[in-house]
Every structure is written in C-alpha cells, then in structure tokens.
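Okay, so here's the structure we're looking at.
Quick note: numbers below take in every heavy atom, side chains included, and nothing from hydrogens, waters or symmetry partners. Computed from a predicted model, the values in this text were never measured in an experiment. In what follows, chains carry the letters A, B, and so on, assigned in the order in which the sequence lines appear, proteins first and then strands, with residues in each chain numbered from 1.
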Protein chains: 2
Amino acid sequence: MSLAETINRPTLHQELVDRIRNLVIEDKLKPGEKVPEKDLCEAFGVSRTPLREALKVLASEGFVVLQANRGARVTHVTRQELADTFPVIARLEQLAGELACVQLSDVDIAAIEARHAAMLAAYKAQDRPAYFQANQDIHQALIQGSQNKILQDHHKLLAARIQRARFMVNLSDDRWAEAIAEHETMMGHLRARDSAQLGQTMKTHIENKFAAFINGIDAEKGG
Amino acid sequence: MSLAETINRPTLHQELVDRIRNLVIEDKLKPGEKVPEKDLCEAFGVSRTPLREALKVLASEGFVVLQANRGARVTHVTRQELADTFPVIARLEQLAGELACVQLSDVDIAAIEARHAAMLAAYKAQDRPAYFQANQDIHQALIQGSQNKILQDHHKLLAARIQRARFMVNLSDDRWAEAIAEHETMMGHLRARDSAQLGQTMKTHIENKFAAFINGIDAEKGG
DNA sequence: GAATGTAATTATGAATTCATAATTAAGTCA
DNA sequence: TGACTTAATTATGAATTCATAATTACATTC
C-alpha cells in the first residue's frame, strides 16, 4: 500500500461532467429533455461557468446536443444508434477477449471464475439484479484484462451511452438461458486460454444480445 | 436536394476546438508544450471563456491534459498509446470493410477504383505526398461506406490522435511495396464484394502498418 | 377568431472581474 | 556560493456581468 492516496480534488467541471453524465445514464435527465443551466447551477451550488464547461464535454461525448443560443438537450438513444453501437462494442470485446486471454494471471482468472459462479447462482435463483451485476463484473474484468487503455476508454464511453436503453426492454427467459450458455462457453475458452475462440465467442455474445434487444423492442411495440 | 441548407454558424468554442485540434495534429503545438491561454486568446481574438471551454473538450478527446491550477499541456504520443491504438483501429477498419462491402453502390466502388489507380500511379512515380493522399481517400471512403456513424466518429478520433506520430518515421521502400500489394488484395475483395475477406485484409493491413512503424522507430533509434 | 407583428421576458454566448494557487524573483543566512 | 524563506508576479478556476438571440405574451389587423 502506498504512503498516501493521491490527492483527488477534481475541478468543478470535472466533477460536474461525472455527476451530470450519471443523471443522464440513470434516466434522471430524460432524452429530449432540456438541460436548464439555471436549475442545475442551483442544484449543484455552482456558477454557470463550470457547468457550461461540463456541458461542452458531455456534448463531445454524445450525451447532450448543443444548439447555439438554445442550450443543451439530452440526446435520444435511437434504434439507429443502437444498431451502430452494438457491432462496434462487439469488436472491442472480441479484441479484449483475445488480449485478456494472454494478459490475465491465473489469479485474475480465478477471480473471474468466482464471479461466473455467482452469476450462475443468480440465474438459478432467478435473481435478475444479482445476475446483471455479476455479468457486468465479468465483462468489465475482461475489458480491464486487455490492458489496453484506448480500448477501455472507448468501450466505457460506448457502454455508458447505450446503457440508457436498458429500460427499453426486459431480459426474456429464452435470452437469459442463451446468455448463460454463452458465458459457459466463454469461461471454457478462458480456462483453456484459447484467445481466438474467447474473442469470437464474446463477439457473437454481444451480437446475440443486440438481436434479442431488437426482438424485445419489436415485441413490445407489437404487443 | 432539400430546399435549404441548415444554417451552420458554429459557436466560438466549437470553432476553437477544431482550430486548436488542428494545431496539435499539424505539430504547431508540440507534445509536452504548455498551452498558454493568454497567447491563444490573443492569437484567435477571443476571450478566455470560449477558449477554456475548448480546452476541456480537447482534454476529453485526449489531445491535451489539464492539471488543476497549472493549465493545459499537449499530450505525448507514447509508444504504448500507439501500441494500444493500432489494434483498435484495425478492428474498426475490419468492421468498416465488412459493412462497406455490403453498403457501397457500384458507383461508389468505381470511385474508389479511381483513387486506387491514382494511388498506383503515385507509387510508380514514387510520389509520396500523392500516395498518402490517395491512400487516405481510399480508407476514408471505406469508413464512410460503412454507414455506421459510431464507427466513423471513433475512428476519426483515434486516427487524429495518432496522426501526430507520422513524423516519427519514414515509409520504407519495402513497406511501401507491401502496402501496395495489400491494397491490390483489398480492391480485389471489394470488387468481388467478399466482405469477410475485405475485412480480414484491412485488419491485417493496419496491423502490418503498425509493425512497420515500430520497426522504423527502432531502426532510427539504433542507427 | 386566426394570423401576423411587436414588446417584454428569459436564456444563452461571451467578456470581464475576482480570489487564489503556482511560479518566479529577491532576499537572508549559514 | 548555495540552500532556504519570503515577497512579487503571473496564471488559473470560478463568479459575475453584459450584450444579444430566442421565446413568450400581448396587441392589432383582416
């Protein structure tokens, strides 16, 4: 352990970027909604300057759109954006899987194994929140395991942008079973350190997730 | 054609983001160098507010780093960043190739064919600037041809960030010949609309480009 | 009563101002 | 001479102010 934690006093705008991004991800600020500078300034107790700086950054990240003299609005997660994003995430996770297979230590893999077991337990118990958490932990561990900072940064941004769509549709029983099976396959490849196969399976896993997602949207719209 | 073009009057900060980013890409502002607000304000004839907004955005894009109370510095393009970025770009171009193969019209492909011919001519004439331009046009056309906005945005950002490293090493005769051969293969797959093969070749093409790049750096360092 | 034009209000883009952290320069003592 | 203090200067983060674009409310005309 190091002697002291690095002093972490972010500037106001850095803090605000994170806070407001979370408001968007958590659906507290809803798509299409105007982001009123005045109200947020009061809510956060800051002046307009750092808040406006934060909005510029969030705009470059794609969470809001700015219109000159008309302020910021939360962006919609369109079906087209989802259709464009999932394939890119799939390729990033494929690459992450290939790299993680080589980079991860046996201890790291054991930790993932534990989360995998927790995920299976959550499935058996039909505990969706626990499943989602374990599932995300596993994917996150593999992304981190890639040791590739660029990959991590871009994945994080894309994941955050589409996470808002998670309310659009529920996980079906069929898809849940399928996802569990895919994770079993992934785990097998990771144990065998078969990087090409792990990558391929992760790519397909994300592609299938997207397909199920689209099916879910259409089903709800039709029903 | 629509009745009218959308009015495009960018705000100062949007203009400044582009201008300063270009200064960094064109190596006018060099890695490690401090970005003095005062001087840039005078140079661009704007106040500090929009300039500082622009710096926040450029920081989120990775072109500068901000240190609280110590301002902005241009980021270094480290070898690690190159090593992390090329594989990601390779996967993005692979995906782009697969999609473009399906999406591009015959007319689009004919246009790429023309740029390909221009590239070959530049090679025969040993005209490096003309080669680089035609080469970039071809890759750009394929990225655009993917019709995937997310892919395009992320590719653009990554390409811009590493473009600054182009001065680090020269294109060797061997690598040039190899690159030409790879482009011939790509063109063949595009003509045949073999998306998997085009994607695979584009991925390998970028990976080889990176390998040559690293060799070039090591050679210059050793010599 | 709907449509158009005008005034009042509000919100936003940008400049300026202010407080303070960093940096530099000057001074002091061993 | 050189390390350490301390004062002066500079640069930066953030608040405030200002000018103007957008919006709303209201009036007027047909």
(message) Between P on dT23(C) and NZ on Lys34(B), what's the gap in Å once rounded to a whole number?
(response) 8 Å
(request) Output the residues of residues 41-52 of chain B in contact with DNA chain D, where contact means a heavy atom of the residue under 4.0 Å from an atom of the strand; sort by number or write none. (result) Arg48(B), Arg52(B)
(message) Parallel, tilted or perpendicular: which one describes the rings of His205(B) and His139(B), with boundaries at 30° and 60°?
(response) parallel
(message) What is the separation between atom CD on Glu53(B) and atom P on dT12(C), rounded to the nearest whole Å?
(response) 13 Å
(request) Return the value, rounded to whole Å, for the distance between atom NZ of Lys56(A) and atom C1' of dA14(C). (result) 10 Å
(request) Answer yes or no: is there a donor N or O on one side and an acceptor on the other, between the side chain of Thr75(A) and the main chain of Phe63(A), under 3.5 Å? (result) yes
(request) Rounded off to whole Å, could you give me the NE2-to-P distance for the His13(B) and dA14(C) pair? (result) 9 Å
(request) Can you tell me the distance, in whole Å, between the CD atom of Glu37(B) and the P atom of dT12(D)? (result) 5 Å
(request) Return the 5'-most residue of the pair Arg70(A), Leu12(A) with respect to DNA chain D, ranking by each residue's nearest nucleotide. (result) Leu12(A)
(request) Have a look at Glu61(B) and tell me which of Arg161(B), Arg21(B), Lys56(B) forms a side-chain hydrogen bond (donor to acceptor under 3.5 Å, both in side chains) with it. (result) Arg21(B)
(request) Ignoring hydrogens and angles, tell me if any N or O in the side chain of Arg91(A) forms a donor-acceptor pair with the backbone of Val88(A) under 3.5 Å. (result) no
(message) Check whether Asn148(B) reaches the backbone of Asp84(A) with its side chain - one donor and one acceptor, N or O, closer than 3.5 Å.
(response) yes
(request) Would you mind reading off the distance between Asp39(A) atom CG and dT12(C) atom C1', rounded to a whole angstrom? (result) 14 Å
(request) Take atom NZ of Lys38(B) and atom P of dG13(D), then tell me their distance rounded to the nearest Å. (result) 16 Å
(request) Write down the distance between CG (Asn69(B)) and P (dA21(C)), rounded to a whole number of angstrom. (result) 7 Å
(message) Please determine whether a side-chain nitrogen of the Lys or Arg among Arg79(B) and Asp218(B) lies less than 4.0 Å from a carboxylate oxygen of the Asp or Glu.
(response) yes
